[in-house]
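Inspection log for the structure reproduced underneath, given as structure tokens.
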Amino acid sequence: MYSGSDRQLVPTLLEHHEAGGYTELAPAHGFGATGRRAGTRAWPGDAAIYFSIVPAERAEALSAALQAAARELPADERLHAAVLPTEAFF
């Protein structure tokens, strides 16, 4: 999940690490530890959610790149990732 100004940040990382493709869902709204993002005047902001099935041999490097990118974001931007095993994909 990415909430920030550079909408190409996550797709660029996915492509650079040969993720094999992705799906983007945007705009996404929700509530979490950093507050509500609803795309309204009262709760501005939104996010994009990316899904990608990444080959196991590329997952660790991509995860490290996403973590590094998250650490470099401005204070008002967020990047979160979950790494889950995939038993089947067809």
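Please read all numbers here as calculations on a predicted model, not as lab measurements.
Residues Arg7 and Pro11 share a closest heavy-atom pair of O-CD, 3.5 Å. When all heavy atoms of Ser52 and Gly21 are compared, the pair lying nearest together is OG-O, 2.6 Å. Here the shortest heavy-atom pairing between Trp43 and Arg36 reads CD2-CD, 3.3 Å.
In the hydrophobic clustering of ILVMFWY residues, with side-chain heavy atoms under 4.5 Å counting as a link, Leu66 and Met1 come out apart.
Looking only at side-chain heavy atoms (C-beta outward), His29 and Asp46 come within less than 4.5 Å of each other. In this structure, Leu9 and Leu73 have side chains that are in contact, with non-hydrogen atoms separated by less than 4.5 Å. Leu25 has its side chain within reach of Phe51: a pair of non-hydrogen atoms, C-beta onward, lies under 4.5 Å apart.
Not counting sequence neighbours, Ala64 has no partner by the side chain to side chain contact (heavy atoms under 4.5 Å, CB included) test.
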Could you pull out every donor-acceptor pair under 3.5 Å between side chains of residues 75-82 and any protein atom, sequence neighbours left out?
from	atom 1	to	atom 2	distance (Å)
Glu77	OE1	Tyr2	OH	3.1
Glu77	OE2	Ser5	N	3.3
Glu77	OE2	Ser5	OG	3.0
Arg78	NH1	Ala75	O	2.6
Arg78	NH2	Ala75	O	3.4

side-chain contact (heavy atoms from CB on, under 4.5 Å) for His17 and Arg58? Distances and angles first, verdict last.
CA-CA 7 Å; His17 288 275; Arg58 295 188 187 116; 5.6 Å; no

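Between the CG atom in Leu14 and the OH atom in Tyr50 there is a gap of 8.5 Å [rounded to 0.5 Å].
Of the possible polar contacts, one joining the Thr12 side chain to the Gln8 backbone as a donor-acceptor pair under 3.5 Å is found.
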